[in-house]
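Structure in structure tokens, see below.
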Amino acid sequence: MGERGSSLLAKLVLILSFAVVALGSNTVTNLKAFYLVQQWLGSYCNQADTKCCYPPSGKPSPDFTIDGLWPYSGDGNFAYNCGDDNYDVGRIKFLQDELRKSWPSFTCPQIGRKFWVHEWNKHGTCTKSILGEIPYLEAALNLKKQANIYQALAKAGITPGNKFYSLKDIKRALARSIGFHPWVRCNHNAQGHSQIWQVSFCADKTGTHLIECPFIPAGRNDCASHIQLPPYY
């Protein structure tokens, strides 16, 4: 190969190298933890201009349900959109009943199994060398059992309704019952009242056991000092 050919080959290799880096830029290379994010669908559905629909299986029993399992990296970012994986929704049929109960979607129109595939494509693909498709979904389900938010709040007398509760009391109740400090986020209902929306706990790099979160973001959807746990939708 002549000098010109060698130069062109070198340039091609360099271009391909940059392309690979770009394609994998959101992949977690220094995983610190998984964040199990659970939400109270009553707080999601009662926002202004928000419409919710029950899944085909009907209205689930009141509970905090999974919103996602997010990988968190050492550079301080939550990786996402690491590439579609051509996921076969038929593979998760055996998990469907448990997913409908613990990881439902109330969007309109209903998207069914596409919702779980969306979560895999958005977050799971960023750590698929650690948790494959099925293990990723199973990890979220198992972690939810370890972090029973609804039960923890009920033990402390914090129940759905129009009453306001101290944010400190909510965090204290969760930490005492579950054993780790939560990351609590709030939104507002149609009347503008601050209400508990999402609660996150962290898991180790295998997605197996709960741990203290290495980082709890501040200043994002800050809650008021007293907030509501509204009725379930």
Contact check, side chains of P104 and L41, non-hydrogen atoms, under 4.5 Å: yes

A147 backbone acceptor or donor facing Q38 side chain under 3.5 Å: yes

Separation between CG of N46 and CD of Q191, rounded to the nearest 0.5 Å: 7.5 Å

Test applied, ring pair (Phe, Tyr, Trp, His ring centres under 6.0 Å); reference residue, W70; option that passes from Y35, F78, Y80: F78

Side chain to side chain contact (heavy atoms under 4.5 Å, CB included) involving K101 - partner list, sequence neighbours excluded: none

Backbone of T208 reached by a side-chain donor or acceptor of Q146 within 3.5 Å: yes

Straight-line distance of F201 CZ to L36 CG, nearest 0.5 Å: 9.0 Å

Contact check, side chains of E138 and L95, non-hydrogen atoms, under 4.5 Å: yes

Side-chain donor or acceptor of K59 paired with backbone N/O of Y233 under 3.5 Å: yes

Any donor-acceptor N/O pair, W116 side chain to I92 backbone, under 3.5 Å: no

Shortest non-hydrogen contact from T206 toward F34: C-CE1, 4.4 Å

Q228 side-chain N/O to N162 backbone N/O, donor-acceptor pair under 3.5 Å: yes

Centroid-centroid distance, F106 to Y44, less than 6.0 Å: no

Main-chain N/O of S43 paired with N187 side-chain donor or acceptor, under 3.5 Å: yes

Transitive ILVMFWY side-chain link I211 to L141, under 4.5 Å: no

Shortest non-hydrogen separation from C202 to P214 and the atoms involved: SG-CD, 4.1 Å

Heavy-atom closest contact (Y72 atom, L31 atom, distance): O-CD1, 3.5 Å

Side-chain donor/acceptor of S105 to backbone N/O of F115, under 3.5 Å: no

Near-ring test W183/F215, centroid separation under 6.0 angstrom: no

4.5 Å side-chain heavy-atom contact, F64 and L153: yes

NE2 (H181) with more than 12 external heavy atoms under 6.0 Å: no

Donor-acceptor contact present, side-chain Q198 to main-chain R185, <3.5 Å: no

From W40 atom CH2 to I196 atom CD1, the distance as rounded to the nearest 0.5 Å: 9.5 Å

Neighbour count >12 (heavy atoms, 6.0 Å) for atom NZ, K144: yes

SG-SG under 2.5 Å, C186 vs C223: yes

Results of salt bridge (charged side-chain N to carboxylate O under 4.0 Å, His left out) for K168 - residues two or more places apart only: none

Cluster link I178 to V199, ILVMFWY, side chain under 4.5 Å: yes

With L174, the side chain to side chain contact (heavy atoms under 4.5 Å, CB included) member among N148, I149, D169: I149

Spacing of OH belonging to Y232 relative to OG belonging to S61, to within rounding of 0.5 Å: 8.0 Å

E133: partners by side chain to side chain contact (heavy atoms under 4.5 Å, CB included), with sequence neighbours left out: D85, Y87, R91, W120

Under 3.5 Å: donor-acceptor pair, side chain of T125, backbone of N121: yes

Considering all heavy atoms, the nearest I216-C213 contact: CG1-CB, 4.0 Å

Value rounded to 0.5 Å, distance of SG in C108 from OH in Y54: 10.5 Å

Aromatic centroids of Y136 and H123 separated by under 6.0 Å: no

Shortest non-hydrogen separation from I134 to F94 and the atoms involved: CG2-CZ, 3.8 Å

Intermediate values then yes/no, side-chain contact (heavy atoms from CB on, under 4.5 Å), L167 and S225: CA-CA 5 Å; L167 177 61; S225 60; 5.7 Å; no

Nearest-0.5 Å distance that lies between atom CD1 in I66 and atom CD in E119: 10.0 Å

Trace of the side-chain contact (heavy atoms from CB on, under 4.5 Å) decision for V184 with K171: CA-CA 8 Å; V184 178; K171 289 183 176 180; 4.1 Å; yes

Heavy-atom side-chain contact between T65 and Q39 under 4.5 Å: yes

pair N30-K32: side-chain heavy atoms closer than 4.5 Å: yes

Smallest separation among heavy atoms of H188 and Q195, with atom names: C-NE2, 3.7 Å

